[in-house]
Amino acid sequence: MKQNGQAVDVAIMAAGKGTRMKSRLPKVLHRLAGRALLQHVVDTAAGLNARRVVVITGHGAAEVEAGVVHPGGGLLQFVRQEPQLGTGHAVQQAVPALPDDGIVVVLSGDVPLTEGTTLRALIDACGGDKLALLTIAFDDPTGYGRIVRAANGEVQAIVEHKDASEAQRAIQEIYSGIMAVPARLLKPWLAQLDNKNAQGEYYLTDVVKFAVAQGVPVVAHKISDALQVAGINSPVQLAELERAHQQRVARTLMEQGVRLADPARLDVRGELLCGQDVEIDINCIFAGRVELGEGVKVGAHCTISNARIGAGAVIHPYTHIEGGFAEKERVEVGAGALVGPYARLRPGAKLGDEVHIGNFVEIKAATLAKGAKANHLAYIGDTKVGERVNYGAGSITANYDGANKHTTVIEADVHIGSNCVLIAPVTIGAGGTVGGGSTITKDTAPGALTVARAKQVSLSNWKRPEKKK
Ligand code: UD1
Ligand code: CA
């Protein structure tokens, strides 16, 4: 994005230790709504069409650098801050990576829910020639940098809590940690920072003093939505922000007409797109990109990732749908299909319209055409199933020979009895029937009944052995 022709460059501070997470995992890699905290921030930065996205790493640098990606496949730049001497010192490390002609937006890798619209408003407030600070008023501002204003309301300084006087501590307006500032102003200010303060750190917030001294206007863009500036320091805060975020997602879905049995018991860890009259029962988890067509019903306790569910389909309780991100791996469920309870659809399961998949049925990399049914206790993998096929309880496709996967083809209108093993590669001809308990190793002719099991034998008057005395 450009402001008066000026490009936007983003610097994300992510070098801090995150001691209070009490975790081996670097703080910014902990997940909120299924994405690393830092990934949220990177995605937001990319959404601004930032020219450069520079991430400042330190603690767990290698792991952090490997743990995030540019969503548009663009370049993320990493600079390292070692040791960590404060937020001003952090941004100093990014100076070589920030061109002089841009507006720099400073973000923190542990503040995941800032919205793009808020940052755009902040960039507008900067306007290419001012220092713009994102601020908010808190009932309890303890710990934050206070926004100190002159009698006429102009911002004069940010004073850190530990350096603040009693009077300053009474100020409720705080600095969020997010600013937008022209690089050509920021760079000389960064060069002047010192660490003569209560924490012995180089404070980025001291740039406000320099701006004021130089007559550069300082504007506070004040918002009221605390979630957007909430930082994560502990597992408790992470869980609280997760819940607050999920409730917001739930509210948005309900406003679109989705009926949630209980908005407090929904988790969306990705993108959930719903048609009209979708109903979702309690404790469902949606991950990746999930599309629910018109009138879809999802029962309680389902987990659904990367799937497209057609209009009117019903997903009964405790069903696991585990699609992959790529088109081939995505799970598709046709219109009017019935799935579950306790069904498992793995990557590449493609169910046509009105397919029925019942309890304890697992489908992997298989296409089931319209009206096919597998109602109980079955496995179908690497298989093409034709229309109206009925696949019996306990039957499986033996698709793996220990080295390679092979394909099974079951043509239209076939009936597979119970407890059959179809050893791939094998084709069951259209309209054929496979007798229960058969192990099928050779292709079968269309319309034929095929039975491949030992003949039943009965010995009359059979005497059971008796226990020896
Ligand atoms: C900072 C602000 C404070 C503001 C608050 C909002 C300063 C001096 N103070 O305080 O005014 O109210 O954020 O949350 O900027 N980081 C580094 N390297 C460092 C130090 C920090 O990368 O050397 C990173 C941290 O990992 C974190 C971010 O910078 O992501 C903010 O650091 P933090 O220590 O949380 O700043 P605060 O003291 O809370
Ligand atoms: Ca902080």
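For ligands, and for the atoms within them, numbers begin at 1 and follow the listed sequence. Values in this document were obtained by computation on a predicted structure and should not be read as measured data.
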Which of the numbered atoms in ligand 1 are under 4.0 angstrom from any heavy atom belonging to [X]?
| X | answer |
| --- | --- |
| T205 | 7 (C), 8 (C), 9 (N), 11 (O), 15 (O) |
| A90 | 17 (C), 18 (N), 22 (O) |
| A14 | 22 (O) |
| E160 | 2 (C), 3 (C), 7 (C), 8 (C), 9 (N), 10 (O), 11 (O) |
| T87 | 7 (C), 8 (C), 15 (O), 20 (C), 21 (C), 29 (O), 31 (C), 32 (O) |
| S176 | 6 (C), 14 (O) |
| Y203 | 8 (C) |

Hey, is [X] close enough to [Y] for a salt bridge, meaning N to O under 4.0 Å?
| X | Y | result |
| --- | --- | --- |
| R80 | E65 | yes |
| D43 | R35 | yes |
| E362 | K364 | no |
| R51 | D101 | yes |

Q: Measure from atom 20 (C) of ligand 1 to every heavy atom in G177, G86, G16 and give the option owning the shortest one.
A: G86
Q) Got a second to check how far L273's CG is from L292's CG, nearest 0.5 Å? A)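 Going from CG on L273 over to CG on L292, the span is 8.5 Å.
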(Q) Can you tell me how far apart NE2 (H221) and CZ (R120) are? Round to the nearest 0.5 Å. (A) 12.0 Å
Using a 3.5 Å cut-off on N or O atoms only, is [X] in polar contact with ligand 1?
| X | value |
| --- | --- |
| Y175 | yes |
| G145 | yes |
| D110 | yes |

(Q) I need the single residue from V296, D262, I304, L272 that forms a side chain to side chain contact (heavy atoms under 4.5 Å, CB included) with I280. Which is it? (A) L272
(Q) Between D382 (side chain only) and N399 (backbone N and O only), is there a donor and an acceptor less than 3.5 Å apart? (A)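 No, the answer is negative, given that no donor and acceptor are paired below the 3.5 Å cut-off.
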(Q) When you measure from the side chain of R149 to the backbone of V155, do you find a donor-acceptor pair of N or O atoms at a distance under 3.5 Å? (A)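 The answer is no, because no donor-acceptor pair under 3.5 Å joins these two groups.
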Counting only heavy atoms, which portion of [X] has something under 4.0 Å from ligand 1: side chain, backbone, both, or neither?
| X | answer |
| --- | --- |
| L85 | backbone |
| A15 | both |
| H89 | neither |

